[in-house]
Protein chains: 2
Amino acid sequence: MTALPTLVMDPFSIKLDLEEGVMHDAKNHLVRCASDMRGYYVDKAALEELIAEGNDPVHYEVFETPVPQAYGHLMYCVSRLHPGKVGDEFFMTKGHYHSIVGTAEVYLCLRGEGYMLMKTSEGRCKSEPMSRGKMVYVPPCWAHRSINTGREPLVSFCVYPAEAGHNYGDIAQEGFPRRIFERKGQCVIE
Amino acid sequence: MTALPTLVMDPFSIKLDLEEGVMHDAKNHLVRCASDMRGYYVDKAALEELIAEGNDPVHYEVFETPVPQAYGHLMYCVSRLHPGKVGDEFFMTKGHYHSIVGTAEVYLCLRGEGYMLMKTSEGRCKSEPMSRGKMVYVPPCWAHRSINTGREPLVSFCVYPAEAGHNYGDIAQEGFPRRIFERKGQCVIE
């Protein structure tokens with residue numbers, strides 16, 4: 001006799017370093033450097049200078065250990081966005097919609113200072129400040145990008161429906177309606 | 001002319017106290033005291049004594065700010081399980097299945113020491129230790145209960161599909177196949 005195959009997945013746990021913003025034993029470790037961000041910043045010359053003379057620094061890292069991309073499962077990741085600027089514009093993530101656009105994402109900020117910038121395909125745009133202990137709810141249909149306006153990594157724990165997928169949609173071409181700069185020592189949303 | 005009604009919900013943020021395990025401005029604050037836990041512990045006399053002479057102490061609190069209970073949304077909460085014992089058995093939550101049983105839940109432990117105890121309706125049982133920085137993945141179909149084996153609150157940030165719902169199922173009658181006790185100063189799963 002053989003046992004019936006189990007369709008129920010076993011529980012598991014993962015250790016996170018909540019201060020550093022690192023997932024130990026992550027199966028996937030996405031790293032985006034300055035050279036991956038061409039086309040995203042206003043000051044293209046400053047970006048090229050950062051790549052050539054700044055040794056193409058890391059912009060952000062995403063750590064995840066995937067689960068089945070099926071209804072009922074939840075994907076989770078640690079996002080670690082480094083501090084820095086391209087010209088006057090603060091380091092940011094590319095930003096994305098979900099492929100299944102009507103799915104939300106929860107961001108729990110664990111360290112750092114910054115913003116979640118969100119837009120809909122109809123042109124609405126909103127921002128929420130992020131700092132340790134702030135949970136930002138990105139509702140269904142909002143593209144979302146995080147921006148680090150501080151001097152240390154902006155670390156978040158993120159959860160979204162596992163079937164959601166990523167879609168860069170119009171972001172690479174159109175960006176977001178607003179950008180975040182440092183002007184005279186102040187953080188300004190323009 | 002009137003604007004078309006928007007079906008897209010606005011983003012928002014919530015402040016959490018990650019150390020204390022409190023959600024500021026939570027809309028829902030569930031409090032379970034010892035008297036709410038009748039039928040859950042082995043030592044019924046010890047529970048009655050705790051209620052009568054221990055002033056019916058708080059067992060656990062859940063803070064949440066609800067979103068629409070619809071596909072694509074994510075419910076999130078802060079769970080704060082107080083330290084203590086009923087006889088030799090550590091304080092625990094009632095535990096629940098989801099009403100839509102094939103939905104997962106993510107627990108990120110922020111403080112304290114304990115276990116996530118999980119079972120399926122077919123009688124499988126698993127446990128995962130919890131401590132600061134541990135993320136426990138409760139896959140679809142697993143009932144789950146947390147147990148505080150430490151001396152301070154066991155605080156977790158939890159996320160699950162908003163349509164999942166709660167179902168106490170067979171738990172009130174049958175409990176979980178295992179329990180966690182302090183025996184001679186040691187934490188023991190029996």
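Since the structure is predicted, the reported quantities are computational estimates derived from the model, not experimental observations. Protein chains get the first letters and strands the later ones, always in sequence-line order, with residue 1 at the start of each. The basis for the numbers below is simple: all heavy atoms, side chains too, and nothing from hydrogens, waters or symmetry mates.
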*Mind ranking Pro68(A), Pro139(A), Ala164(A) by heavy-atom pairs under 4.5 Å with chain B and telling me who comes out on top?*
Pro139(A)
*Quick one: which of Val136(A), Leu18(A), Val138(A) has the most heavy-atom pairs under 4.5 Å with chain B, could you say?*
Leu18(A)
*Which portion of Tyr76(B) sits near chain A, non-hydrogen atoms under 4.5 angstrom*: side chain
_Full working for side chain to side chain contact (heavy atoms under 4.5 Å, CB included) between Met37(A) and Tyr60(A)_ = CA-CA 10 Å; Met37(A) 299 298 292; Tyr60(A) 59 100; 3.9 Å; yes
_At a 4.5 Å cut-off on heavy atoms, which part of Tyr107(A) comes close to chain B: side chain, backbone, both, or neither?_
neither
_Does any part of the side chain of Met23(B), heavy atoms only, come nearer than 4.5 Å to the side chain of His29(B), both counted from C-beta?_
no
*Contact part of Glu105(A) toward chain B, heavy-atom cut-off under 4.5 Å: side chain, backbone, both or neither?*
backbone
_Residue among Ile100(B), Leu110(B), Thr120(B), Val67(B) with most heavy-atom pairs under 4.5 Å to chain A_ = Val67(B)
*So which of Leu74(B), Leu16(B), Val159(B) has the largest heavy-atom pair count under 4.5 angstrom toward chain A?*
Leu74(B)
*What closest approach, in Å, do Cys33(A) and Asp56(A) show between heavy atoms, and which atom pair accounts for it?*
CB-OD1, 3.5 Å
*Under a single-linkage definition using a 4.5 Å side-chain heavy-atom cutoff for Ile, Leu, Val, Met, Phe, Trp and Tyr, are Tyr71(B) and Trp142(A) assigned to the same hydrophobic cluster?*
no
*Do any of residues 92-99 of chain A come closer than 4.5 Å to chain B, heavy atom to heavy atom, and if so which ones, in number order?*
none
*asked:* What I'd like to find out is whether the side chain of Tyr41(B) reaches to under 4.5 Å of the side chain of Leu50(B), using heavy atoms alone.
replied: no
*Do Asn55(B) and Pro57(B) have side-chain heavy atoms sitting under 4.5 Å apart?*
no
*Are the side chains of Ile147(B) and Leu117(B) in touch, meaning some heavy atoms are under 4.5 Å apart?*
yes
*Under 4.5 Å between any side-chain heavy atoms of Lys119(B) and Asp170(B), yes or no?*
yes
*Residue among Lys184(A), Arg179(A), Arg183(A) satisfying salt bridge (charged side-chain N to carboxylate O under 4.0 Å, His left out) with Asp88(A)*: Arg183(A)
_Largest heavy-atom contact set with chain A, pairs under 4.5 Å, which of Asp17(B), Val106(B), Asp10(B)_ = Asp10(B)
*With chain B, which of Pro161(A), Ser131(A), Gly102(A), Pro11(A) has the greatest number of heavy-atom pairs at distances under 4.5 Å?*
Pro11(A)
*Using a cut-off of under 4.5 Å on heavy-atom pairs, state which of Cys109(B), Ser127(B), Pro140(B), Ala70(B) scores highest against chain A.*
Pro140(B)
*For Phe157(A), is it the side chain, the backbone, both, or neither that has a heavy atom closer than 4.5 Å to a heavy atom of chain B?*
side chain
_Donor-acceptor contact present, side-chain Arg80(A) to main-chain Val22(A), <3.5 Å_ = no
*What do the steps show when you test Glu113(B) against Arg151(B) for side chain to side chain contact (heavy atoms under 4.5 Å, CB included), and what is the final call?*
CA-CA 8 Å; Glu113(B) 298 281 338; Arg151(B) 293 169 184 275; over 6 Å; no
*Taking all non-hydrogen atoms of both residues, which atom of Ser79(B) and which atom of Cys158(B) are closest, and how far apart?*
CB-SG, 4.0 Å
_Using heavy-atom distances under 4.5 Å, tell me whether Lys134(A) contacts chain B through its side chain, its backbone, both, or neither._
both
*Among Met118(B), Lys15(B), His73(B), single out the residue with the greatest number of heavy-atom pairs under 4.5 Å to chain A.*
His73(B)
*Toward chain B, the part of Tyr137(A) with a non-hydrogen atom under 4.5 Å*: both
*Mind ranking Thr103(B), Ile14(B), Thr65(B) by heavy-atom pairs under 4.5 Å with chain A and telling me who comes out on top?*
Ile14(B)
_Matching residue for His82(B) among Arg32(B), Glu152(B), His59(B), Glu61(B) - test: side chain to side chain donor-acceptor pair (under 3.5 Å)_ = Glu61(B)
